[in-house]
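Worth saying up front: this structure is predicted, and the values here are computed from it rather than measured.
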Amino acid sequence: MADTKREIERKYEATDATRLPDLSRVAGVGRVEKRGVTELDAVYYDTADLRLASHALTLRRRTGGADEGWHLKFPVATGIRDELHEPLADTLPPSFAALLRSRLRHTEPVPVVRLLSSRDVQHLNDDEGTLLAEVSVDTVCAERLAGEGTGTTATWTEIEVELADDGDPAFLDAVEKRLRKAGVRPSESPSKLARALAETGPVRGEKKRTEEDPQTAGDHVLAYVRKQIRTIVDLDPAVRRDLPDSVHKMRVATRRLRSAFKTYRRILDREVTDPVGAELKWLAGELGVDRDQEVLDKRLGDRTEALPATLVLGPVRGRLQVWSAARRTGSRRRITDVLDGKRYLALLDTLDALSADPPLRPAASRAPGKELPRAVLKDYKKLARRMDHALEHPPGPERDAAMHEARKAAKRARYAGDAARPALGKPAKRFAKRVKAVQSVLGDHQDSVVAREALRTLAIEAHAAGETTFTWGLLYGHEEATADARERELPEVWARASEPVLRADLKH
């Protein structure tokens with residue numbers, strides 16, 4: 001696995017006449033240490049259509065400096081990126097190729113820009129000599145290596161302030177205050193690569209109107225669909241890196257996309273979207289192989305930890321661990337294999353094609369204020385039918401199953417409201433919020449159903465091993481109480497979500 005570093009930095013404009021102010025006067029700085037000048041030679045790689053740059057990704061091979069080698073940077077927030085490093089080699093490291101597969105697909109990256117930088121470095125240290133930040137004045141010469149503008153060059157000077165590892169971001173504010181007093185202003189470009197591409201290439205045209213100013217029902221639905229597609233692609237590297245909650249977020253994006261296809265079938269032709277939805281369902285299933293087990297593990301673990309020590313009798317925690325390990329399927333390797341597989345890459349290609357040439361139906365050209373509420377209310381009516389069916393059953397397995405079906409309908413209705421929110425505003429926001437509350441109650445109830453089944457299995461295994469089942473029974477009772485509480489709570493929560501004013505808002 002490549003080495004990873006969280007890069008927090010700020011860039012500033014500079015000219016040949018720019019001089020750094022005395023940074024020893026910045027609060028917290030004890031000494032400014034000059035580190036000399038380093039010559040850097042970096043070649044940046046991308047596809048011919050600059051696919052990586054369009055996602056603010058940076059891939060480069062750099063010589064010179066203490067960290068020469070291959071670098072891959074992922075945006076985290078403004079001024080913050082995760083930088084991955086691999087040793088210097090002639091070809092793209094396999095680990096980087098994997099992390100970029102959702103963007104590159106079947107395309108090999110090629111050199112697009114070369115940057116020669118002369119870097120004059122200073123270290124800002126505290127009184128004890130601990131590094132607070134690195135300040136560099138970079139004199140840059142950029143050359144376009146591919147595409148329109150090949151051979152074009154550009155030069156500039158910039159100041160870069162990079163926070164030390166585990167440093168306080170507030171320190172960058174203090175440095176910036178000092179720089180601004182000296183007349184130094186923040187750079188308009190987020191990175192050297194972005195500036196090089198802008199100054200050595202042709203001016204890009206404006207985005208399509210439908211992306212910036214959606215007007216029809218189809219515009220709004222497509223904006224939502226494209227957002228979910230981008231989310232799936234963007235999360236691919238995070239899933240491969242095993243970042244927290246990345247699998248769950250990708251799974252949610254697949255569900256939102258499937259839901260949009262179903263809800264807005266008057267806008268998008270289902271003959272095209274149904275097969276895509278089936279593939280999204282497959283992907284969600286693969287991503288969820290161990291996700292549900294993780295949720296269950298946390299629930300049972302939290303329940304156990306909340307018990308007084310005097311009520312935890314027998315090897316409860318050990319049995320939980322063994323039981324969980326036996327049910328896991330080695331998901332990390334399994335998920336990676338899925339993301340590397342032909343079926344997944346074909347799905348991404350299909351999603352790209354659908355986004356570029358959407359299968360719009362006549363209703364897509366209609367006003368969003370009429371067409372979108374119609375679709376949302378249709379999902380709401382389906383939820384209402386399932387809720388009525390669930391509430392008419394007495395407590396027991398039949399009600400449990402009916403509530404689970406209502407939960408799925410609530411999730412779809414909520415997603416429908418979320419998709420319509422940019423067009424319908426506050427009414428759609430209120431609708432989604434209230435339906436989400438219903439979904440939460442139903443979800444906690446379903447989790448208790450699954451947890452009770454697991455606890456019964458654990459109790460049987462413990463009894464067969466000659467262990468006491470007291471704690472398992474106690475935990476089972478807690479889950480029963482949770483389910484009962486959610487069932488009592490549900491009618492009131494549902495009443496708030498089914499007020500006539502809510503439906504009137506959407507129709508209006």
Side-chain angles (χ1 to χ4, degrees), residues 247-248 251-252 255 258-259 281 284-285 287-307 311-312 316-317 319-329 331 382-415 434-464 469-495 497:
V247 171
H248 172 62
R251 193 182 184 194
V252 168
R255 287 172 169 172
R258 284 182 60 223
S259 181
K281 183 177 182 179
L287 294 171
V289 167
D290 277 356
R291 169 64 185 176
D292 293 339
Q293 183 63 38
E294 290 173 4
V295 172
L296 180 58
D297 288 347
K298 187 177 188 309
R299 187 180 183 96
L300 297 183
D302 290 347
R303 288 284 197 196
T304 303
E305 292 303 319
L307 291 176
L311 299 182
V312 181
V316 173
R317 294 180 179 85
R319 180 162 291 282
L320 269 175
Q321 292 176 356
V322 172
W323 174 80
S324 174
R327 290 169 61 89
R328 290 182 179 269
T329 60
S331 64
K382 182 176 183 179
L383 168 60
R385 291 194 297 270
R386 291 194 180 182
M387 284 297 302
D388 290 343
H389 181 62
L391 293 174
E392 72 184 11
H393 283 291
E398 288 188 1
R399 172 178 273 197
D400 292 345
M403 289 178 68
H404 183 43
E405 291 302 310
R407 176 196 185 189
K408 290 187 283 187
K411 186 178 296 185
R412 177 170 161 181
R414 171 195 163 196
Y415 291 162
R434 295 185 187 187
V435 173
K436 182 180 179 181
V438 175
Q439 178 193 334
S440 296
V441 173
L442 292 168
D444 196 30
H445 181 275
Q446 175 61 19
D447 288 346
S448 77
V449 171
V450 175
R452 277 178 282 159
E453 293 175 354
L455 288 167
R456 183 176 182 277
T457 299
L458 285 161
I460 292 173
E461 292 178 358
H463 177 74
T469 60
F470 172 83
T471 302
W472 303 117
L474 185 62
L475 292 172
Y476 190 99
H478 285 179
E479 290 294 349
E480 271 192 327
T482 294
D484 290 343
R486 297 294 84 79
E487 290 179 19
R488 292 193 302 271
E489 180 184 3
L490 183 59
E492 181 180 348
V493 175
W494 171 237

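Looking only at atom types and distance, the side chain of R407 has no donor-acceptor partner in the side chain of Q446 under 3.5 Å away. Side chains of T471 and R319: a donor-acceptor N/O pair is absent below 3.5 angstrom, by distance only.
A454 approaches L296 most closely through the heavy-atom pair CB-CD2, 3.9 Å. When all heavy atoms of L383 and A409 are compared, the closest pair comes out as CA-CB, 3.9 Å. Nearest heavy-atom pair across A390 and A402 is CA-CB, 3.6 Å.
Remark: D484 does not engage R488 in a salt bridge, criterion side-chain N to carboxylate O under 4.0 Å.
Rounding to the nearest 0.5 Å gives a distance of 11.0 Å between CG of D292 and CG of D297. The line from CG of L474 to CG of L311 is 6.0 Å long, rounded to the nearest 0.5 Å. Considering CZ of R303 and OH of Y476, their distance stands at 13.0 Å, rounded to 0.5 Å. The CG atom of L458 sits 11.5 Å away from atom OG1 of T469, with the distance rounded to the nearest 0.5 Å. Taking CH2 of W494 as the reference point, atom CG of D388 lies at 7.5 Å (rounded to 0.5 Å). We find the CD-CG distance between E489 and L442 to be 10.0 Å, quoted to the nearest 0.5 Å.
For the pair T304 (side chain) and L300 (backbone), a donor-acceptor distance under 3.5 Å is present. The main-chain N or O of R255 is never found under 3.5 Å from a side-chain atom of S259 such that the two would form a donor-acceptor pair. In terms of modelled atom types and a separation under 3.5 Å, the side chain of R251 and the main chain of L287 share no donor-acceptor contact.
More than 12 heavy-atom neighbours from other residues, nucleotides or ligands sit within 6.0 angstrom of NE2 on H393. Heavy atoms from other residues, nucleotides or ligands lying under 6.0 Å from NZ of K436 number 12 at most. Around atom CD of E392, more than 12 heavy atoms belonging to other residues, nucleotides or ligands sit under 6.0 Å away.
Listed by first and then second residue, the salt bridge (charged side-chain N to carboxylate O under 4.0 Å, His left out) pairs involving residues 438-454 are R299-D444, D444-R486 (not counting sequence neighbours).
The side-chain heavy atoms of V435 and Y415, taken from C-beta on, include no pair separated by under 4.5 Å.
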Legend entry - Working for side-chain contact (heavy atoms from CB on, under 4.5 Å), residues V438 and M387: CA-CA 10 Å; V438 175; M387 284 297 302; 4.2 Å; yes
Inset, instruction - Go through L490 and H445 one step at a time and tell me if the side-chain contact (heavy atoms from CB on, under 4.5 Å) criterion holds. - result: CA-CA 10 Å; L490 183 59; H445 181 275; over 6 Å; no
Inset, instruction - Start with the C-alpha distance between E305 and R317, add both sets of side-chain angles, then the distance that settles side-chain contact (heavy atoms from CB on, under 4.5 Å), and finish with yes or no. - result: CA-CA 9 Å; E305 292 303 319; R317 294 180 179 85; 2.8 Å; yes
Legend entry - Pair H248-E294, side-chain contact (heavy atoms from CB on, under 4.5 Å): steps then yes or no: CA-CA 11 Å; H248 172 62; E294 290 173 4; over 6 Å; no
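In this view, E487 and R399 satisfy the salt bridge (Lys or Arg N to Asp or Glu O under 4.0 Å) rule, not counting sequence neighbours.
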